[in-house]
Amino acid sequence: MDVTKEEIQALYKAHILPENKHPYHFEAKEGTSVSFDAYNPMCGDKFHLYLNVVNDVFDTVHFDGIGCAISKASTSMLLKKIEGMSKIDAKAICEKFINNLTNDHQVDEFNDELNTLIALKHFDGRIDCIKLAWEALLNYLLVKDLEG
Amino acid sequence: MDVTKEEIQALYKAHILPENKHPYHFEAKEGTSVSFDAYNPMCGDKFHLYLNVVNDVFDTVHFDGIGCAISKASTSMLLKKIEGMSKIDAKAICEKFINNLTNDHQVDEFNDELNTLIALKHFDGRIDCIKLAWEALLNYLLVKDLEG
Amino acid sequence: MLKNIKTYFPIFEKYPDLAYLDSAATTQRPKSVNEAINQFNSFENANIHRGVYDLSNSATKKFEQAREKVARYIGSSNPKTIAFTSGTTHSINIIAYSFLKSTLNKGDNIVITLLDHHANFIPWQMIAQEKGAELRVVPINKKGDLDITSLGKMLDEKTKILSLNHISNSLGTVNDIHEIIDLGHKKNIPVMIDAAQSVAYYDLDILTFNYDFLAFSGHKMFAPFGTGVLYVAEKWIKSITPYNYGGGIIKNVSAEETTFSDYPFNIEAGTPNISGVMGLSSAIDFINTFDKAEMRQHISDVTHYCIEQLSTINDVKIIGTPEKRSGIVSFVVKDIHPHDVASFLNQDNIAVRAGMHCTQPLLMYLETPATVRVSFSIYNDRQEVDRLKASLVALIKFWT
Amino acid sequence: MLKNIKTYFPIFEKYPDLAYLDSAATTQRPKSVNEAINQFNSFENANIHRGVYDLSNSATKKFEQAREKVARYIGSSNPKTIAFTSGTTHSINIIAYSFLKSTLNKGDNIVITLLDHHANFIPWQMIAQEKGAELRVVPINKKGDLDITSLGKMLDEKTKILSLNHISNSLGTVNDIHEIIDLGHKKNIPVMIDAAQSVAYYDLDILTFNYDFLAFSGHKMFAPFGTGVLYVAEKWIKSITPYNYGGGIIKNVSAEETTFSDYPFNIEAGTPNISGVMGLSSAIDFINTFDKAEMRQHISDVTHYCIEQLSTINDVKIIGTPEKRSGIVSFVVKDIHPHDVASFLNQDNIAVRAGMHCTQPLLMYLETPATVRVSFSIYNDRQEVDRLKASLVALIKFWT
Ligand SMILES: Cc1ncc(COP(=O)(O)O)c(C=O)c1O
Ligand SMILES: Cc1ncc(COP(=O)(O)O)c(C=O)c1O
C-alpha cells in the first residue's frame, strides 16, 4: 500500500461515495445507436453502456448495472467526461486515462475529478475496477466500431 | 549407494560379465509355443523370449535381443532356472525373486547365483534391469496365459 | 497440538498482525514444507526416471515414495492409482477428456451440482456440448444444501458420470458424499469427487467412501503451487488414455505408431513437478502430525463464532446456511459491494476474497453478483473474527 | 564472470566432487533461484487474480511482471504473447490441440524432424492420425545434421505447421532455425520452435527469428520444475482455444454456455504454479547477469575438449558429428551397454544419462539401441572431462 488508510477514506468520502450514490445518468436507455457491456468476470462487475452517437459525437450517454463503488463512480465520471465529445477525442481521453493508470509514474495530469481515480490506482488491486468502463469504451472504439 | 565400488566390481567380474559374454541359449528359436518381449522403454533394453511349453512345463527356453550386462545376465539366469520347471513353480519363483528385489530387506534366500542378482539391487537404479525378464514372464503367466 | 500453530508458518512471523482469512483460495505454507522444497532444489536436484546416477536414483525413489504416501493418505494400498497433476483443474480435465469423452454419446448425460466450482463445471459442459450429451445440474435448497431427491431422480441409465465437490468453496456446504456416492453406485454410475476444499482436514478414506475418482490440489493443503493429485480406482485404470503426449509415457514410438504406458504414467508426460511433489510429500507429513478431528473442531469453532458475530451486524447477510458447514462463510453487506468491503478490510490487515469464487452459476441462481468470503484454517482464531467484526462495523458506519 | 561459477550452486557445496554432466536433463539451480522460491513461499504466498488484499495484489503483480520479463527475454514487446505452462511438453501439446487440430484436415500434413524429442513428435503424430493427415519426418545426414533440401521439399501448400527443436537433446545438433523458419514462411507455414535445449544459452530474439510459436521449460534454464512457457505470435493469438477448462479463463458461465477469455489467460485454467513462476523470473535474472556469448564459449570449449579426449579412446564411438554442436555429446562404448557405462561412471561420481533420451525414432534410424549422453552447462570444466576419460579407460580395462 502506498496510500494510508486515512487518505483512501478521504478520497472515498469526498469523491467515490457521492458519485456511487448518485451516478450520472444511471438508467437503461434502450434503442441507442451504440450499446455494450463493461464486464469483469473475475469479480462479477457488469455495467451496460447506452451511448447515442450523432455525427461521430457522443450525444447522450447512460448506463446501468452492478459493480463496486469504484467501478460505478469511474463509469459515471467517464460518461460525464465524454458526453458531447467526438469519438476521436473520447478515444484519446481513454488512452490517456488508461496510460496514466497503468504506468508507475503519472504521465500526464487531469485537472478534474479524474485525478481522484488516478490517485486510487495506488489502492492496490482496484485498477481493474477503475478502468473497467474505460477499457470497454476503448475496445469498442478500436475494434467493434471499425468492424462496422 | 550401499555397496562399495569394489564390491560391485567383484560381483560384475565373478558373475555378471561371464554370463553377459556367454548367455544361456542366446539365440532366436522361431515356432515355440510361447514367445514374448521383455522390453524397458526407458532405456531401450529389449529381449525376446522363446519358450516351448509341453504339458505345462517349460521344456526348451531361448532368448535373444539387446540390453545391458545386468539385464542380459539376469535373463540368462532366469532361463536356466525355469528350464524343465512347471508353470506353477516358475510363477512362484518369479514372485519370490521380484519380492526379494523390491523389498528393502531380503525376504527369502536363494541358494544359487540368483543371490548375486539380489545383491545388485543395492546397485541403485538397476533394479529395472535385473527384473526385466522376470516381470515379463510373470506378466505372461498372470495375464496373457489366462486370456488363452 | 494446535497451540502456537501460527509459529509453524513463516508468513505470520513477518506479518504478526495479518488476519489471513483466505485459506480456501490457498493455505499458507509451513516452514517444514518450504524447507523440504529448498532442500531438494539445493542439494538433491536431478531429473527422475531415466538416470542411473545417485542423485537421479534418489530423486526417482523419493518421487515414487511420495506417490505411495499420497496413496496411503487416502487409504489406497495401490500407489499406481495415484497420478501427479498440476492441480484439481488438471485432474478433473483428465477424467473428462481421457476417461469419459471417448465413450460419451448423444443422449447420454453427466450430473454435476450447482455448488460446483468452474473446474468441475466447464470441462463437463464442453464435452457434453461436443458430444450432444446433456449436462444435468443438481439444484440446491434455500439453505444451500444439495437437493438429494432431485439428485436421485437425475441419475438414470444414461448417466455416464456423477461429479461433485465434497465441500463448496462458495457456501462452505459439506456434501454427504457417502450417501451420494452410494446413490450413484446403485445405478452403476462412476462418481468423481472434487476434494479441493476438504483434503487437508477431512478423512477421505477410499474404503469408507469408495469414490471412483478423486481430485485435489497441493496448494490448498499446505503444499506448493503447481502440484495436484488424481486418484483413479483400480477398476478404471485401463480406461484412462494419455492426456498430454510426450516423453516418459511411451512404450514404443516409430514414425508410424506409438504405444503408451499404463496409468498413472501415461498421464505424466514430460518432466513432472518433482520439487513440488517433494513439497506435497512434506505437507502430508505436516498434516499427519495433527489429528484431523481436532483440526476440524478448531476450524468449526472459529467458523461458528464468526457466524454468530456476523449475525449481530444488521447490514450483514450471510449467504447460505447449510446443515453441515466447513470453514467457509460467504456474506454480503447492504449497499456496499463485496469488492469495496474486501478493500477496506485489507486496510485493517484482514485478507478476504470478494467475487464469484469461480461459481458463477451458483451466484446467478442466488441472484447475488458477488460475495465476500472468509475462510478459516488451523492457524486462525476467534480474535481474528473479533477484528473482522470491528472492521465491518466501522466500514458500515463510514459508508453511511 | 564464469570464474567460481560453481559457488553459485549449492549442490556443489554439498558434493564438491560431483561431475554433473546431465544438464540437458535438468540444470542445477542457483542459490538465488532457490531463495526467491523460498522467499515467496515463506513471506509472500497468496493466490493471484481474484484477491484485493495486499499479499494477493503483490503476488498478482509479480506474476504479471514475470510474464513481462519472459516476454522481454525473448524480445517480445507484448506480454500477452506469453502463457505459463508446466513445461515444454505441455506447451507443444497446447499448440497441437488448441491451435492446429481444429483446422487440420484429411490430406494436410505436419512436418517435424528425426531429431525431435518425443514431446515434439507424439502430439503431432496423434492429431495427424486422428485427422487422417500425414506426418512428415525430415531426415538427417550421416553427421546428424538435418537434410535441409528434403525439408524444403516436404513443405507444400498442404503443410499446416512445421515444428522442430532448436537443439537436438540427443546429438547436440544446433539447427539453423533462422534459415528453416524462412523456408516455412516463404510457403506461409507457421513454425514452432522447441527451445528446451537452447533457451538458457542462446539468443532467441523474436525480431531476429520471427518464429510463430516457441516452447521451453524452466527446469532446463536454472528455474524450478513445473514451469514452462509458450510464446504465441500476436497474429495467432485469436486462434488459440482453451486447453484445460476451469477457473480463471471464463468470461461468462451459465448452465447452457460458457465464453472464454483470450490467450494467454484461456490457457492458464486453474491456479497456476505461482511460486514456480517466481523461480523462473529469478532464473532469468540469473542468466541476465552473464553474457550469453561467453556462456556458449565456455560450454563449447569444454564440449570440444570432451570430443577431443573421447576420440583418443579406441573403443569409444561418438554418435553424431553435426556442423554446429551445443554442449551435448552422445557416445557408445564397444561391447559395454550405455546403462553399464553410466553405472560405472556413477561409481566415480560422474553423473551422465544412458538411454534413448526420448528420441526413439532417431536412435532406431541410427541403429543404436541407446547411448551414453554427457551434457555440459556453465558450471562444468575441462577437469571433469579428464575424470570422465580416466573413468572410461578404467572401465574398458576392467570389462575386457
Ligand atoms: C528438445 C527437448 N524438447 C522437449 C523436452 C521436454 O521437456 P519437458 O520434459 O520439460 O516438458 C526436452 C527435455 O527433455 C528436450 O530436450
Ligand atoms: C471446490 C474447488 N474445486 C476446484 C478448485 C480448483 O483448484 P485449482 O485452481 O488448484 O486447480 C478449487 C479452488 O479454487 C475449489 O475450491
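Below, chains carry the letters A, B, ... as their sequence lines are ordered, and counting in each starts from 1.
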Could you check which of [options] has the highest count of heavy-atom pairs closer than 4.5 Å to chain C?
| options | result |
| --- | --- |
| T26(D), N93(D), T88(D) | N93(D) |
| H219(D), M356(D), M364(D), K31(D) | H219(D) |
| K14(D), E35(D), E44(D), R29(D) | R29(D) |
| N120(D), N38(D), L345(D), T258(D) | T258(D) |

Give the minimum heavy-atom separation between [X] and [Y], together with the two atoms involved.
| X | Y | answer |
| --- | --- | --- |
| I48(D) | R353(C) | O-NH1, 3.4 Å |
| G246(C) | T89(D) | CA-CG2, 3.9 Å |
| V52(D) | A342(C) | CG2-CB, 3.0 Å |
| K251(D) | Q360(C) | O-OE1, 4.1 Å |

Heavy-atom contact with chain C under 4.5 Å, split by part of [X]:
| X | result |
| --- | --- |
| F9(D) | neither |
| N252(D) | both |
| F84(D) | neither |
| Y365(D) | neither |
| L18(D) | side chain |

Legend entry - Side chain / backbone / both / neither for I274(C) at chain D, heavy atoms under 4.5 Å: both
Inset, instruction - Counting only heavy atoms closer than 4.5 Å, note whether L55(C) contacts chain D via side chain, backbone, both or neither. - result: side chain
Legend entry - Aromatic ring pairing H90(C)/H90(D), orientation class (parallel under 30°, perpendicular over 60°, tilted between): parallel
Answer whether the closest heavy-atom distance between the side chains of [X] and [Y] falls below 4.5 Å.
| X | Y | answer |
| --- | --- | --- |
| F225(C) | P272(D) | no |
| N244(D) | Y243(C) | yes |
| D54(C) | N346(D) | yes |
| Y97(D) | Y245(C) | yes |

Inset, instruction - Using only heavy-atom distances, determine whether the side chains of N45(C) and Y20(D) contain a donor-acceptor pair under 3.5 Å. - result: no
Legend entry - S42(C) and N34(D) side chains, donor-acceptor separation under 3.5 Å: yes
Legend entry - Whether N47(D) side chain and A25(C) backbone form a donor-acceptor pair below 3.5 Å: yes
Legend entry - Verdict with reasoning, F260(C) to I122(D), per side-chain contact (heavy atoms from CB on, under 4.5 Å): CA-CA 11 Å; F260(C) 298 102; I122(D) 303 164; 3.8 Å; yes
